[in-house]
Amino acid sequence: MSDINLMELTKKAEHDLADIFADIDDIAYQNTERVIDSFRTHRVDDTCFAGTSGYGHDDRGRETLDAIYADVFGAESAFVRHTIANGTMAITIGLYGLLRPHDIMLAITGKPYDTLEEVVGISGQPGNGSLADFGVGYRQVDLLSDGSIDFDKADEIIKAEASRVKVVFIQRSKGYLDRPTLTVEKIGEIVKFVKSRCGAYVVVDNCYGEFTETREPTAVGADLIMGSLIKNPGGGMAESGGYIAGTARAVELASYRMTSVGVGLDGGATLGMNKSLIKGFFYAPHTVAQALKTAHLAAYIFEALGCDVSPRWNERRADIIQTIRLGDPKKLVDFCKGIQAASPVDSYVSPEPSPIPGYADEVIMAAGTFTQGASIELSCDGPMRAPYIAYMQGGLTYESGKLGVLGAAKRLLGNND
Ligand SMILES: *Cc1c(COP(=O)(O)O)cnc(C)c1O
């Protein structure tokens with residue numbers, strides 16, 4: 001493998017990827033147009049960048065950004081807050097907002113993301129206040145072996161307990177599972193399937209999916225979508241935060257869980273964060289395009305180096321995650337070290353596997369990021385379990401993403417300089 005000429009391989013990769021890169025630019029253009037149109041409609045101006053304190057009443061920037069997210073995501077309503085600590089918290093707010101004792105949450109795309117296990121109550125200590133502790137039932141329909149939805153199994157469960165199924169939960173992105181990511185079109189099919197059978201809310205963990213296509217799941221009928229601002233929609237600018245968007249009633253219920261019943265979105269000091277959140281949303285379509293190009297390049301290069309990769313270099317994307325199956329713990333560690341060493345921040349740090357709260361296995365993470373843990377910035381992580389898959393994502397600029405990918409490739413080839 002070490003006689004591979006990386007320079008030549010990269011040149012060939014970029015030549016072969018030219019049409020795909022052009023498509024990605026076109027998606028970014030269309031999404032930017034929708035963002036700018038919405039900024040114009042809502043008359044974004046300097047007054048939006050001022051912060052509020054205390055109760056945060058009459059915060060024009062906050063209210064404007066809420067309206068812009070709703071517009072751009074094709075939703076009736078939305079809220080965006082820097083005080084939402086991460087994606088897990090955004091999803092938790094949504095689930096607790098909608099589910100009541102004796103209701104059932106039906107996960108239709110297999111097990112939800114690792115950090116949600118304790119929220120749902122499929123792992124963790126009883127008594128911590130999981131949904132299970134509150135008497136919310138949980139049913140799971142695993143994906144079929146080809147990655148498609150098991151509609152027959154879901155149909156059985158809905159038929160048996162239609163009046164209790166309150167939330168049908170979809171995870172758009174693969175997360176830490178070796179499965180395909182759902183396209184928005186596919187999510188639309190699930191929405192139709194659910195709505196023709198019962199009155200459940202369709203709730204989507206939208207992490208990593210935003211702006212990879214020209215519409216979001218809310219545009220095809222999802223009742224609620226949630227995500228993290230240190231991933232796609234923060235555009236690499238937001239210092240922290242999360243968002244929830246969806247139908248007016250579902251968003252209202254979520255807002256009551258976030259603040260208080262009755263208070264909802266009536267307040268919430270922004271402390272000077274508005275500008276970075278608004279500017280981040282402006283950048284997000286472009287930043288996501290940079291990350292997508294980085295992912296395609298990585299797929300091409302590592303496939304050429306003999307790894308199983310998903311998606312493949314020429315496959316369309318519905319999220320920014322690239323998995324590279326390394327098959328060996330040392331290679332996974334080496335890969336992460338290569339990414340880390342090429343990063344703009346903390347390049348001298350050498351990542352090691354360690355336990356992370358909310359995750360069952362040890363995890364290794366490479367993240368030389370301006371914003372701690374931001375995975376819209378080039379980053380890579382993987383649970384230390386077979387088959388030792390690196391989940392790589394992000395890249396604020398294609399150029400820096402490319403440097404990271406080549407850094408990891410050199411490491412795997414045994415060239416450590
Ligand atoms: C990142 C992510 C989450 C939330 O994770 P946080 O680290 O809490 O932001 C949830 N689901 C998926 C699929 C994710 O990728």
Side-chain angles (χ1 to χ4, degrees), residues 80-96 105 107-120 122-124 131 140 143 147 167 169-184 186-187 203-212 216-217 222 224-236 238-245 258 280 288 291-292 295 310-311 317-323 354-361 363-367 369 371-383 389-394:
V80 191
R81 294 293 181 279
H82 77 272
T83 44
I84 296 177
N86 48 35
T88 304
M89 180 171 165
I91 297 163
T92 301
I93 291 168
L95 291 175
Y96 278 83
M105 166 179 168
I108 199 169
T109 53
K111 192 179 73 61
Y113 192 70
D114 292 41
T115 58
L116 293 169
E117 285 182 21
E118 290 189 46
V119 175
V120 174
I122 30 184
S123 71
L131 289 167
Q140 180 175 313
L143 294 175
V167 163
F169 186 79
I170 297 171
Q171 181 178 308
R172 178 174 174 185
S173 162
K174 62 168 67 83
Y176 276 159
L177 297 171
D178 196 6
R179 54 154 262 211
T181 290
L182 268 66
T183 59
V184 170
K186 195 54 148 183
I187 291 171
V203 175
V204 182
D205 170 355
N206 206 34
C207 283
Y208 285 135
E210 299 91 350
F211 293 126
T212 58
E216 301 301 325
L224 211 60
I225 63 174
M226 297 83 82
S228 163
L229 298 198
I230 63 169
K231 294 179 179 172
N232 305 15
E239 301 286 348
S240 77
Y243 76 87
I244 294 183
M258 177 180 67
V288 169
L292 285 171
S310 175
R317 311 289 162 130
D319 69 15
I320 63 169
I321 301 181
Q322 180 64 47
T323 62
S354 60
I356 307 270
Y359 295 86
D361 297 281
V363 176
I364 182 157
M365 297 189 168
T369 55
T371 297
Q372 191 196 99
S375 43
I376 186 62
E377 303 186 42
L378 183 66
S379 52
C380 161
D381 35 55
I389 295 175
Y391 293 77
M392 192 207 88
Q393 64 275 315

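Read the numbers this way: they start at 1 and go in the same order the structure lists the ligands and their atoms. Worth saying up front: this structure is predicted, and the values here are computed from it rather than measured. The chain is numbered in sequence order, starting from 1.
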Open item on the list: side-chain hydrogen bond (donor to acceptor under 3.5 Å, both in side chains) for Y208 and S375? Distances and angles first, verdict last.
Closed with: CA-CA 9 Å; Y208 285 135; S375 43; 2.7 Å; yes
- [ ] Considering only NZ, NE, NH1 and NH2 on the basic side and carboxylate oxygens on the acidic side, decide whether E117 and K111 come within less than 4.0 Å.
- [x] yes
- [ ] Quickly, which of N206, T212, T181 forms a side-chain hydrogen bond (donor to acceptor under 3.5 Å, both in side chains) with D319? Name it, please.
- [x] T181
TODO: Return the minimal non-hydrogen interatomic distance between E216 and F211, and the atom names on each side.
DONE: OE2-N, 2.8 Å
Task: Heavy-atom pair with the smallest gap, counting every atom of P311 and K174 - done: CD-NZ, 3.9 Å
Open item on the list: Do Y113 and T88 pair up side chain to side chain, a donor and an acceptor below 3.5 Å, judged on atom types alone?
Closed with: no
Using a 3.5 Å cut-off on N/O to N/O, what pairs does ligand 1 make with the protein? A line per pair would be great.
{"from": "ligand 1", "atom 1": "8 (O)", "to": "G87", "atom 2": "N", "distance (Å)": "3.4"}
{"from": "ligand 1", "atom 1": "8 (O)", "to": "T88", "atom 2": "N", "distance (Å)": "2.9"}
{"from": "ligand 1", "atom 1": "8 (O)", "to": "T88", "atom 2": "OG1", "distance (Å)": "2.5"}
{"from": "ligand 1", "atom 1": "9 (O)", "to": "G87", "atom 2": "N", "distance (Å)": "2.8"}
{"from": "ligand 1", "atom 1": "11 (N)", "to": "D205", "atom 2": "OD1", "distance (Å)": "3.4"}
{"from": "ligand 1", "atom 1": "11 (N)", "to": "D205", "atom 2": "OD2", "distance (Å)": "2.5"}
{"from": "ligand 1", "atom 1": "15 (O)", "to": "K231", "atom 2": "NZ", "distance (Å)": "3.0"}

